[in-house]
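Below, chains carry the letters A, B, ... as their sequence lines are ordered, and counting in each starts from 1.
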There are 2 protein chains.
Amino acid sequence: METLPHPLSLFVKDLALRAPLSPADRDAIYKLPHTLRILETSAYALREADMPTHCGVLVSGFAFRQKIASDGGRQIMAILLPGDAIDLQNLFLDVSDHSIQMMTRGQLAMLRREDIQEIVRTRPGVRQAIFIKILAEASIFREWLVNLGQRQAPERVAHLLCELGFRFEVLGLAEKYGYELPITQEELGDATGITSVHVNRILKKLDASGFVTRNRRQISFSNWSDMRTIAGFNARYLHMQGK
Amino acid sequence: METLPHPLSLFVKDLALRAPLSPADRDAIYKLPHTLRILETSAYALREADMPTHCGVLVSGFAFRQKIASDGGRQIMAILLPGDAIDLQNLFLDVSDHSIQMMTRGQLAMLRREDIQEIVRTRPGVRQAIFIKILAEASIFREWLVNLGQRQAPERVAHLLCELGFRFEVLGLAEKYGYELPITQEELGDATGITSVHVNRILKKLDASGFVTRNRRQISFSNWSDMRTIAGFNARYLHMQGK
DNA sequence: CGATATGTTGAATAACGTCAAGAACAGTGG
DNA sequence: CCACTGTTCTTGACGTTATTCAACATATCG
């Protein structure tokens, strides 16, 4: 009989990549009271202008941060993997400035805002890790700005794939440097600022050149070195201390 | 005989827009020991991969956060106005993931990292304001992602002008809704992900349509309502509580 | 005043978007 | 298991936006 991992184990693992967490720190996180919510594909975990009372942590499935421009276009600003918290920023900001939508079906652990604030106040190790996590995410936003502003469409897509491959890897969600992500071409386009039609053509070319392989909605790549070169990818911005 | 304002007065004013600061909070900030550095145009206040020991606050002049892509292109990720801190994030992150370059000549107040950490630890009001300031900047990065990913070039430029107009306004740096900023078209392009040639053509059109006026390197606009409409600008992302 | 950076313009080109139609796929209920 | 339905993918033809290159004009700065 297999024991299920704790719902927050990836959250702890991810935090521990940022700052050392003592056994007591980990224990304190595991003991945080929480409820589990199951969310279907496309469901909103949080909406712009909401005033969240809880802090959600993605336990399984994928989600993204998004915002709708005035012309109706959607910009995806971040891709959230299991273990990622969706609204740490709302520990300090009352009203959300963007939405979180599920990319797949998944589970969300809901923690009470005050409980996290308490643990941040009393545990320096947890505080350090959470603040670094928040700041590392801001660093990812900056790198995405470079992606959208300075790179051509094929390099943009390749860079996004590199980032996801790397993040999968450090979490232990991918064996070797490959990974598989159930993302639509529309979503890929909304994350990179190009149309889904153009994403399709780019993927076709990357596939034909042997850089990526596609199987249904799963995209993966195995030649890390080539992809890194195409994308101009340097993982420093992820702030994972040499991982 | 006029008394000069305290070098950190705009820093305090900006923080107070985020969270209430008591007279004692303000006093504690004013009493932080600091040295003043004068930086020439194009000088670096901080370089990528540096490990800063101090935290700089812009006292006068303008600067920007930037990163160089592997193809040599520069992406400007934020424009810093007087009162902005340049590396609050390095209170927690050891190594800088981007550079800060001066846009004009200006002064930088250098505060000791430990002094800020101390004041953040002991003064809840200051802590709240600084954290909100950090998170509001992350929100600006997200809005810039929308700008680069979803808006056409003219709207992008207009949106940037709106943001700067608004930020000038709340700091009291602009009378009415106009403002003047000594920014080159090259820099405007690097901030919006378009070439300087195209920026030139866009400004020409915005000028001809009466939306902006240009005088040497100064760009300004007066019809706030029109600009807001063109840009699809909504100030909520700046987190200035209804200001 | 001369040197260098920035701004301006046109013509040619490349990158990307739009529109439209059909094919493959994923989820649904029978 | 199948037929049905809406979604996603794929492809071509064409239009638009933005880039590149190059030349010259105007500022800015020492």
Short N-O contact, A/Asp84 and A/Arg65, less than 4.0 angstrom: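 Salt bridge: no.
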Phosphate OP1/OP2 of D/dT16: any B/Gln152 side-chain N/O under 4.0 Å: no
Any B/Arg214 side-chain N or O less than 4.0 Å from OP1/OP2 of C/dT8: yes
Could you please name the option among [options] that lies closest to any side-chain atom of [X]?
| X | options | result |
| --- | --- | --- |
| A/Thr195 | C/dT18, C/dC16, C/dG7 | C/dT18 |
| B/Asn200 | C/dT9, C/dG17, D/dT20 | C/dT9 |
| A/Val197 | D/dA18, C/dC19, C/dG7 | C/dC19 |

Given DNA chain D, 5'-ward residue of the pair A/Lys204 and B/Arg151, judged by closest heavy atom: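 Closer to the 5' end of DNA chain D: A/Lys204.
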Whether A/Arg151 side chain and A/Arg156 backbone form a donor-acceptor pair below 3.5 Å: no
Figure out the [atom1]/[atom2] separation between [X] and [N], and round it to whole Å.
| X | N | atom1 | atom2 | value |
| --- | --- | --- | --- | --- |
| B/Glu186 | C/dT8 | CD | P | 13 Å |
| B/Ile194 | D/dT17 | CD1 | C1' | 11 Å |
| B/Met103 | C/dA5 | CE | P | 19 Å |
| A/Gln185 | C/dC25 | CD | P | 12 Å |
| B/Glu187 | C/dT6 | CD | P | 7 Å |
| B/His198 | C/dG7 | NE2 | P | 16 Å |
| A/Glu40 | C/dT28 | CD | C1' | 14 Å |
| B/Glu155 | D/dT16 | CD | P | 16 Å |

Centroid-centroid distance, B/Phe168 to B/Phe221, less than 6.0 Å: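 No, they do not, as the ring centres are separated by 6.0 Å or more.
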Between A/Gln107 and A/Ser60: side-chain donor-acceptor atoms closer than 3.5 Å: yes
Sugar-phosphate only, base, or nothing, as touched by B/Arg156 at under 4.0 Å among non-hydrogen atoms: nothing
Sugar-phosphate only, base, or nothing, as touched by A/Gly193 at under 4.0 Å among non-hydrogen atoms: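 Counting heavy atoms under 4.0 Å across all strands, the contact made by A/Gly193 is with sugar-phosphate only.
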Minimum heavy-atom distance A/Leu39-A/Ala45, with the two atoms named: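 The answer is CD1-CB, 3.9 Å.
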No-H, no-angle donor-acceptor pair, B/Arg201 side chain to C/dG7 base, under 3.5 Å: no
